[in-house]
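Counting starts at 1 for both ligands and their atoms, in listed order.
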Amino acid sequence: NELATMMDVSVTEIIATCMSLGLFVSINQRLDAETLTIVADEFGYEIQFVGAEEEEINLEEADEEGDLVPRSPIVTVMGHVDHGKTSLLDFVRKANVISGEAGGITQHIGAYEVMVDGDKSITFLDTPGHEAFTAMRARGAKVTDVAIIVIAADDSVMPQTREAINHAMAANLPMVFAFNKIDKPGANADRIREQLSAMNILVEEWGGKYQTQEISAKTGFNIDKLLEKVLLEAEILELKANPNKRAVGTVIEAQLDKGRGYVATVLVEAGTLKVGDPILAGAYSGRVKALYNERGTRVESAGPAAPVQVLGFQGAPQAGDRFNGVDSEPEAREIANKRLQLQREQGLRTQKHITLDEIGRRLAIGNFKELNIIIKGDVDGSVEALSDSLQKLSTEEIQVKIVHKAVGPISESDVLLATASDAIIIGFQVRPSAGARKLAEAEEIDVRLYSIIYKAIDEIKAAMEGMLAPEF
Ligand code: GDP
């Protein structure tokens with residue numbers, strides 16, 4: 001109705017156009033951005049979105065090529081439980097604290113920076129595991145540049161190792177493999193290399209592209225070499241940022257501290273954050289009262305790839321929220337209030353994710369090229385069979401991509417991955433856990449349960465054919 005009024009055409013004409021896109025709408029229904037664009041185009045109008053989206057554009061200043069200087073990589077450590085992620089993070093933190101200030105007690109603030117080779121640095125995210133990583137990604141945050149996948153060499157590639165690898169791959173993250181616990185008598189790194197190659201992950205020593213390093217997180221053996229390899233991987237990425245502008249970055253964690261008020265750890269992505277800067281993150285604004293590094297030392301500013309604790313927010317933003325330095329505190333407050341209002345209006349509506357029923361419409365709109373699927377099943381045989389058959393459904397127009405497949409019930413981590421990669425989840429002879437079901441509902445993730453393989457294949461095929469036939 002609103003759109004009809006704006007374009008001065010009849011409501012029935014708009015409804016008819018929507019129907020031709022395979023979308024049955026009522027007069028009061030709100031259309032999403034893509035549909036609006038298409039429908040308006042049919043009537044010779046071009047849509048410009050203003051408001052919330054425009055404000056984001058204004059907040060972040062564009063860079064000229066000459067403004068960019070190299071920045072340090074940001075690294076996440078992932079792997080199976082007990083394979084040594086925490087030990088690795090602890091060892092690195094203790095052994096490589098930034099020069100000159102050794103001896104200081106490092107605190108867990110969510111991330112820390114270490115010096116390597118005296119003149120290069122790496123920032124580690126201090127919450128190990130792919131769940132934390134994917135949860136941030138599901139909120140739209142892209143903070144990690146390289147993943148270290150830790151695998152205990154006295155054990156094997158385990159379910160969570162596979163999960164970690166798939167989560168990293170879904171994010172297009174380069175991976176470096178750390179074969180840990182090499183000090184243990186039963187350690188055998190070649191066995192791990194073999195298991196990886198069975199997953200189509202070929203390590204460098206065997207002619208592949210993945211760097212590996214045998215290490216002991218307990219004794220510290222070869223950890224320097226691991227860090228070198230991480231730096232090598234990062235070099236290929238040519239990471240750059242402009243330090244000379246208002247800061248932008250991501251909130252890593254935030255809480256209310258009794259004595260100090262709201263304390264948030266942020267990771268600066270570009271620009272420089274300084275004491276006194278007006279700031280904004282999520283629906284909260286403030287002014288930087290003080291900045292602390294991971295040793296609890298006060299600092300005056302933090303540049304690209306630096307993690308820093310910020311005092312001065314008026315509330316606790318969420319992990320994964322984008323943060324911005326802004327021109328003035330009133331401006332920050334105004335935007336924060338607008339966002340709060342928007343959140344209320346939309347009832348915290350999450351971003352719309354793909355569903356099988358939606359595929360046809362998205363294809364009609366013309367921007368749907370890849371159907372991402374996560375498969376969970378009761379036994380390996382059926383997971384593989386399903387995965388093979390679904391991949392074979394790929395056509396020139398739509399690629400079926402299996403983002404993750406594994407044996408076991410549908411977990412919250414699967415739902416997070418689906419959220420972050422806009423995927424649907426197929427459960428074969430398995431169900432979601434209670435937590436996963438709740439999260440899937442909240443995030444509006446399409447979870448389909450089947451007990452017969454061909455039914456699953458038929459249904460996906462039908463959905464994909466729906467997308468192949470936009471008839472006007
Ligand atoms: P996480 O669950 O992946 O974070 O694993 P942890 O870092 O907590 O390690 C699990 C256990 O393995 C702990 O008891 C560690 O002391 C032990 N561990 C970790 N790395 C090594 C290593 O390189 N060698 C040996 N011998 N033990 C290790």
Exercise. Taking C-beta and beyond as the side chain, do Thr161 and Gln195 meet within less than 4.5 Å on heavy atoms?
Worked result: no
Problem set entry | Location of contacts on His83 toward ligand 1, heavy atoms closer than 4.0 Å | backbone
Exercise. Relative to ligand 1, is Asp183 under 4.0 angstrom through side chain, backbone, both or neither, heavy atoms considered?
Worked result: side chain
For this session: May I ask you to say whether Lys405 pairs ionically with Glu384, meaning some side-chain N is under 4.0 Å from a carboxylate O?
Result: yes
For this session: Salt-bridge test for Lys455 and Asp458: reply yes if a basic N is under 4.0 Å from a carboxylate O, no otherwise.
Result: no
Can you pull out the closest protein heavy atom to [atom]? Residue, atom name and distance to 0.1 Å, please.
atom	result
atom 20 (N) of ligand 1	Asn180 ND2, 3.1 Å
atom 5 (O) of ligand 1	Gly84 N, 3.1 Å
atom 4 (O) of ligand 1	Thr86 OG1, 2.5 Å
atom 18 (N) of ligand 1	Lys181 CE, 3.7 Å
atom 27 (N) of ligand 1	Lys218 CD, 3.8 Å
atom 2 (O) of ligand 1	Asp82 N, 2.7 Å
atom 19 (C) of ligand 1	Ser87 OG, 3.3 Å

May I ask you to check whether [X] and [Y] show a side-chain donor-acceptor distance below 3.5 Å?
X	Y	answer
Lys229	Gln213	yes
Asp414	Ser411	yes
Glu163	Ser413	yes

Could you list the atoms of ligand 1 found under 4.0 angstrom from a heavy atom of [X]?
X	result
Lys184	26 (N)
Ser216	22 (C), 23 (O), 24 (N)
Val81	2 (O)
His80	3 (O)
Lys85	1 (P), 2 (O), 3 (O), 4 (O), 5 (O), 7 (O)

Problem set entry | Any donor-acceptor pair under 3.5 Å from Arg448 side chain to Ile426 backbone | no
Problem set entry | Test item: Asp277 side-chain N/O and Ile279 main-chain N/O as donor-acceptor pair under 3.5 Å | no
Exercise. Does an N or O anywhere in Ala217 fall below 3.5 Å from an N or O of ligand 1?
Worked result: yes
Problem set entry | N or O pair under 3.5 Å between Leu88 and ligand 1 | no
Exercise. Under the 4.0 Å line, does any protein heavy atom show up next to atom 14 (O) of ligand 1?
Worked result: no
For this session: Kindly assign one of parallel, tilted or perpendicular to the pair His404 and His167, based on the angle between their ring planes and the thresholds 30° and 60°.
Result: perpendicular
For this session: Indicate, with yes or no, if the rings of Tyr450 and Phe428 have centres closer together than 6.0 Å.
Result: no
Problem set entry | Full working for side-chain hydrogen bond (donor to acceptor under 3.5 Å, both in side chains) between His83 and Asn180 | CA-CA 7 Å; His83 277 195; Asn180 190 31; over 6 Å; no
